[in-house]
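One structure below.
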Amino acid sequence: MKKLINTPDTVLADALAGFAAAHPELAVDLDNRVIARGSRPAAPKVAVVSGGGSGHEPLHGGFVGPGMLDAACPGEVFTSPVPDQLLAAARAVHSGAGVVFVVKNYTGDVLNFGLAAELAAEEGIEVRTVLVNDDVAVEDSTWTAGRRGTGATVMVEKAVGALAERGAGLDEVAALGARVNAASRSFAIALTAATVPAAGKPGFDLPEDEIEVGVGIHGEPGRRREALRPARELVAEVVDTVLADHDLTAGDEVIALVNGLGGTPLLELYLVYGEVHARLAERGIRIARNLVGNYVTSLDMAGFSLTLTKAGPELLELWDAPVATAALTWT
Amino acid sequence: MKKLINTPDTVLADALAGFAAAHPELAVDLDNRVIARGSRPAAPKVAVVSGGGSGHEPLHGGFVGPGMLDAACPGEVFTSPVPDQLLAAARAVHSGAGVVFVVKNYTGDVLNFGLAAELAAEEGIEVRTVLVNDDVAVEDSTWTAGRRGTGATVMVEKAVGALAERGAGLDEVAALGARVNAASRSFAIALTAATVPAAGKPGFDLPEDEIEVGVGIHGEPGRRREALRPARELVAEVVDTVLADHDLTAGDEVIALVNGLGGTPLLELYLVYGEVHARLAERGIRIARNLVGNYVTSLDMAGFSLTLTKAGPELLELWDAPVATAALTWT
Amino acid sequence: MDVIDIPLVLAWVREIAAAVEQQEARLTELDSAIGDGDHGSNLRRGFTAVLAALDTLDEPASVGAVLTRTGSTLISKVGGASGPLYGSAFRAMGAALPGETADPAEFAAALAAGLAAIRKLGAAEPGDKTVVDAWTPALAAFERTADTGLAAAAGSAAEAAAQGVLDTVPLQARKGRASYLGPRSVGHPDPGAASTELIFRALATALGRLKPSG
Amino acid sequence: MDVIDIPLVLAWVREIAAAVEQQEARLTELDSAIGDGDHGSNLRRGFTAVLAALDTLDEPASVGAVLTRTGSTLISKVGGASGPLYGSAFRAMGAALPGETADPAEFAAALAAGLAAIRKLGAAEPGDKTVVDAWTPALAAFERTADTGLAAAAGSAAEAAAQGVLDTVPLQARKGRASYLGPRSVGHPDPGAASTELIFRALATALGRLKPSG
Ligand SMILES: Nc1ncnc2c1ncn2[C@@H]1O[C@H](COP(=O)(O)OP(=O)(O)O)[C@@H](O)[C@H]1O
Ligand SMILES: Nc1ncnc2c1ncn2[C@@H]1O[C@H](COP(=O)(O)OP(=O)(O)O)[C@@H](O)[C@H]1O
Ligand SMILES: [Mg+2]
Ligand SMILES: [Mg+2]
Ligand SMILES: [Mg+2]
Ligand SMILES: [Mg+2]
């Protein structure tokens with residue numbers, strides 16, 4: 001394993017200290033592992049809190065700031081944060097209007113956020129949870145853990161953050177989050193496995209000419225293994241898989257995220273975006289807004305995910321609203 | 001070789017098409033391979049043009065926009081752009097106040113920009129060249145090709161772009177670029193080799209427990225091979241190497257760039273930043289501004305570079321000036 | 001009289017911690033195959049914190065106090081799926097054992113309460129390829145053999161848990177991360193089931209080593 | 001009479017293109033060792049464009065016109081260090097050969113002008129581990145043997161270039177990317193020197209195959 005770390009046990013603490021040093025405009029609680037905005041809102045507003053295992057940077061800490069999250073809780077690598085941490089975050093940013101938890105749908109996250117929500121409620125902090133579960137690689141069934149939350153987290157956190165900033169009420173903000181999630185689908189392909197520091201070696205072995213199709217963001221293998229093919233063909237498969245599960249028709253507009261999994265050069269991500277753009281254009285679907293880059297990563301995994309969120313005027317307006325975070329900034 | 005590409009020969013054309021599709025706010029000339037701002041300045045201003053081989057994204061195309069570059073010319077992967085391209089860029093953005101070429105010091109770049117400057121001069125376009133040569137891994141000697149240009153390109157392009165935006169004259173802008181370059185030093189460490197698409201395999205073999213120290217951004221091996229060590233020790237070596245060639249003393253302020261080479265997760269880069277911050281603090285050097293992320297990459301190479309630019313009030317003001325590009329945005 | 005007392009329950013938890021420490025790499029390897037490669041480090045982090053927490057717990061008032069503290073610490077320190085699940089299980093066992101000692105039947109009831117907590121929180125059914133598939137047969141074996149003495153019951157529970165782990169191999173996961181693999185989750189043991197086996201083995205080890213004092 | 005005419009110079013350039021196409025991987029491999037792994041693809045891209053440019057060049061007026069067009073195309077299409085260097089060399093050779101034919105002495109002068117252009121632009125001295133280290137001995141051999149006939153002179157130039165490539169192996173690079181490696185550049189042949197050898201070999205091949213018409 002080759003990593004720029006001190007010891008596997010101290011990765012999170014060390015990286016968080018670095019994040020705090022790099023972002024003096026944020027309030028980073030190193031003990032509780034909470035990244036929060038540097039200043040409290042002037043008037044009560046719904047606070048948006050997210051979190052999840054580390055190794056997905058810039059998610060979620062990179063999205064804390066005006067217009068997006070109020071706080072983020074990084075767990076250990078690929079391990080959801082603990083309830084204490086989430087409760088500390090809720091306490092830190094609650095300004096009287098309640099808290100929305102944005103939770104990617106993984107058993108660990110659901111359980112830990114769930115326990116935290118109970119504890120917060122006991123303290124009189126009203127909590128609503130927005131579950132993100134956009135990954136069409138996973139069958140959606142009530143008998144299983146259900147679909148994973150991946151790239152759509154960016155769209156949900158951006159939209160929910162923008163609406164909260166405008167002073168919308170707790171239920172309204174939570175309902176929007178659910179709508180954005182429902183309008184989003186993702187699918188990912190990996191060219192290499194990720195190496196969890198504590199594991200010390202790649203999560204799976206992949207021959208030089210094979211890829212994993214339908215991977216998540218935790219280094220787990222995908223739904224199947226395939227031969228590596230030209231980007232155009234891979235993208236065609238990814239786009240078609242996403243569309244097959246989507247309710248998009250010609251004339252619809254989307255926000256598209258071509259997301260790097262951590263080890264893929266931006267040059268390739270732009271190339272992929274070009275293919276996505278062309279494939280969608282063939283089907284009459286217009287990309288109204290896009291992001292190309294590393295946003296929801298899986299440590300050093302090479303590969304990409306595509307997220308398409310159907311976007312009407314409401315969502316586009318929220319998307320365009322100003323945001324000022326470490327990873328996403330516009331005016 | 002595992003890459004999200006169609007064919008090695010079409011990487012640049014395909015990626016540039018994707019970049020153009022992703023950034024409708026920019027004017028991308030796919031034939032001439034010029035990325036320019038979407039609109040011409042209201043009044044004549046010095047135009048800042050850069051360029052270089054591809055594979056370093058977001059450099060340079062990601063820095064085109066208000067407050068930074070007027071145009072960028074991507075060459076083939078790791079190959080400097082050709083004079084025709086640079087001339088087309090100069091023509092496209094020249095508004096009567098002359099053109100500054102920001103050139104990383106590599107033989108190919110120097111020669112091609114040099115030929116382009118001659119051609120532009122023949123057309124009556126005044127050109128000044130700012131050479132970036134910040135990499136202390138390379139001996140600085142008049143008998144050799146001299147030091148490479150790496151991370152400092154970001155500082156130079158940001159400062160020069162901001163000053164040009166304010167209406168400063170051609171010589172003034174070029175002189176500032178030279179000053180920022182002179183105030184900057186960089187050093188890099190690689191954990192893995194990069195794979196050039198046309199080469200099809202990594203530029204060098206590196207055992208699981210070894211690193212290359214003093215690498216550039218073109219996948220070439222470094223000055224020497226060492227054992228992989230904890231990040232704290234590696235960073236100490238990098239910081240000390242940079243400082244040994246710098247004129248920084250306790251009380252000085254710097255802009256620090258902890259730059260990923262393409263394959264290193266942001267989590268690790270923040271961890272590295274934390275170590276850099278601590279090491280500099282021990283020496284009484286304060287990081288006034290910082291960037292942590294992938295800015296000057298080397299395809300899929302894992303590793304990082306550190307750039308320290310000594311910064312007085314003038315440079316900090318230019319650094320803080322608004323910028324709106326694909327890769328760098330603030331207000 | 002064959003009872004579990006406070007020293008013994010402390011010894012149990014310490015045995016778990018020792019086993020987790022020793023088996024960390026194996027648990028992580030199992031989790032790498034069908035999960036995200038952190039189960040070993042998750043539990044080691046948790047039980048390291050538990051040991052520290054128990055050191056500061058002076059004079060626990062009951063058997064349950066030890067287990068409740070263990071569970072709370074796991075919840076506070078582990079994260080992931082296993083943190084809340086095991087944490088809740090230990091808290092539920094703690095709540096079920098308010099006395100300074102517990103007899104085999106009481107202890108069996110506590111183990112049952114632990115399983116109930118896991119199932120309530122995680123909603124996993126037997127056969128979903130989770131900790132439930134080791135804890136369920138272990139509990140059944142313990143209950144079946146409780147009147148043969150605690151050590152023997154714990155031993156048979158550990159064996160049943162081990163069998164439960166083996167029985168997860170052919171299963172397709174329906175809960176937890178392994179479920180994302182669909183049919184590719186078949187052919188591997190469940191990491192959580194494997195750590196549950198460790199928990200029951202640790203009980204047998206503690207009981208075999210310490211002569212209960214009660 | 002032993003002269004170089006327009007068909008022959010066209011054949012030369014086409015032989016270079018064929019050699020570059022065939023040797024692309026080797027050139028890139030040499031460049032991977034001490035450079036950035038693109039020398040082969042750079043030159044292939046360049047000479048592919050040259051072939052297309054020559055196809056559109058109808059009725060070149062002089063030997064030099066072919067070489068000038070070759071050089072301009074290389075400058076426009078290659079980029080990197082080798083594009084301007086080889087491009088300028090071919091342009092300089094073109095400027096030196098304004099007639100419809102060139103005799104051995106005129107051609108030797110053109111080769112010298114090519115080297116001068118490379119040295120002016122790149123400022124490399126012999127021994128810096130660059131194309132100069134193949135072109136310089138090749139030129140000297142050509143000059144020395146020019147009166148033995150063009151084919152023989154080109155052959156000895158190619159051999160001298162080959163020796164020049166070998167002689168770059170022990171050198172530490174002082175120009176181009178390989179200079180960044182410092183002492184680690186020692187022990188490898190220079191990729192640009194290797195492509196210069198191809199250029200001279202192609203000349204010998206073209207001269208050996210085509211009976212000059214002049
Ligand atoms: N819903 C559930 N009910 C019971 N056990 C579960 C459930 N989901 C996951 N598990 C158990 O958790 C184990 C994984 O734990 P761990 O790796 O620590 O957490 P994570 O899956 O969050 O990385 C699985 O092997 C499985 O036994
Ligand atoms: N200053 C120079 N003078 C002469 N030749 C040079 C000089 N710099 C580099 N070269 C030649 O260029 C070759 C590399 O060409 P190429 O790989 O195409 O360009 P780049 O180095 O820009 O990637 C080197 O092997 C060397 O022979
Ligand atoms: Mg986990
Ligand atoms: Mg090159
Ligand atoms: Mg796990
Ligand atoms: Mg090269």
Side-chain angles (χ1 to χ4, degrees), chain A residues 1-7 11-12 14-22 54-55 57-58 62 77 189 191-192 208-209 211 228 230-232 234-235 258 262-278 287 290 292 294 297 299-300 302-304 324 326-327 329-331, chain B residues 1-7 11-12 14-22 54-55 57-58 62 77 189 191-192 208-209 211 228 230-232 234-235 258 262-278 287 290 292-294 297 299-300 302-304 324 326 329-331:
Chain A
M1 174 181 60
K2 279 187 169 176
K3 292 191 181 288
L4 295 165
I5 62 173
N6 291 312
T7 68
V11 170
L12 176 56
D14 292 347
L16 195 59
F19 187 85
S54 293
E57 291 65 28
V77 172
I189 278 182
L191 274 58
T192 64
E208 249 306 289
D209 52 353
I211 61 174
L228 176 64
R232 188 155 307 149
L234 292 178
V235 168
V258 169
T264 289
L266 194 51
L267 185 73
E268 293 175 40
L269 296 178
Y270 273 117
L271 192 151
V272 165
Y273 181 79
E275 302 295 346
V276 167
H277 186 269
I287 301 178
N290 71 78
V292 180
N294 291 319
T297 60
L299 292 172
D300 52 350
F304 76 98
T329 297
W330 57 72
T331 48
Chain B
M1 173 181 59
K2 280 186 167 174
K3 292 193 180 286
L4 296 165
I5 63 174
N6 291 312
T7 68
V11 170
L12 176 56
D14 291 348
L16 194 59
F19 187 85
S54 292
E57 291 67 28
V77 173
I189 278 182
L191 276 59
T192 64
E208 249 307 287
D209 51 354
I211 60 173
L228 177 65
R232 189 157 304 149
L234 293 179
V235 168
V258 169
T264 288
L266 194 52
L267 186 73
E268 292 176 40
L269 295 179
Y270 272 117
L271 190 150
V272 165
Y273 182 80
E275 302 295 347
V276 168
H277 186 269
I287 300 177
N290 72 77
V292 180
N294 291 318
T297 60
L299 292 173
D300 52 348
F304 76 99
T329 297
W330 56 71
T331 47

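Numbers restart at 1 for each chain; the letters A, B, ... are given by sequence-line order, proteins then strands. Because only heavy atoms are used, hydrogens play no part in the values below, and waters and symmetry mates are left out as well, while side chains stay in.
Interface summary for chain B: among A:Val276, A:Leu16, A:Leu12, A:Val11, the most heavy-atom pairs under 4.5 angstrom belong to A:Val11. Put simply, of A:Ala21, A:Gly262, A:Ala20, A:Ala22, the one with the most heavy-atom pairs under 4.5 Å next to chain B is A:Ala22. When each of A:Ala17, A:Gly18, A:Ala327, A:Gly274 is scored by its heavy-atom pairs under 4.5 Å with chain B, the top score falls to A:Gly18.
Here the shortest heavy-atom pairing between A:Arg232 and B:Asn6 reads N-OD1, 2.8 Å. Scanning all heavy atoms of the two residues, the minimum distance from B:Thr329 to A:Trp330 falls at CG2-CA, 4.5 Å.
For A:Leu228, the part lying near chain B is the side chain, with the backbone staying farther off; criterion is any non-hydrogen pair under 4.5 Å. In this structure, chain B has a heavy atom under 4.5 Å from the backbone of A:Asp209, while its side chain stays farther away. For A:Ala302, no part lies near chain B; criterion is any non-hydrogen pair under 4.5 Å. Contact annotation for A:Asn290: only side-chain heavy atoms (C-beta onward) come within less than 4.5 Å of a heavy atom of chain B. Only the side chain of A:Val77 comes within contact range of chain B, with heavy atoms under 4.5 Å apart. In this structure, the portion of A:Ala326 lying under 4.5 Å from any heavy atom of chain B is its side chain and not its backbone.
Taking CG of B:Leu267 as the start and CD1 of A:Ile5 as the end, the distance is 9.0 Å to the nearest 0.5 Å. Taking CG from A:Asp300 and CG from B:Leu191, the interatomic distance works out to 10.5 Å, rounded to the nearest 0.5 Å.
Using a distance-only test at 3.5 Å, with no hydrogens or angles considered, a donor-acceptor pair links the side chain of A:Glu208 to the main chain of B:Met1. Not one N or O on the side chain of B:Glu57 forms a donor-acceptor pair closer than 3.5 Å with the backbone of A:Leu266.
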Q: Could you check A:Leu299 against B:Glu268 for side-chain contact (heavy atoms from CB on, under 4.5 Å), going step by step and ending with a plain yes or no?
A: CA-CA 9 Å; A:Leu299 292 172; B:Glu268 292 176 40; 5.7 Å; no

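Considering B:Leu271, B:Ile211, B:Val235, B:Thr264 in turn, B:Thr264 is the only one that fulfils the side-chain contact (heavy atoms from CB on, under 4.5 Å) rule with A:Leu4.
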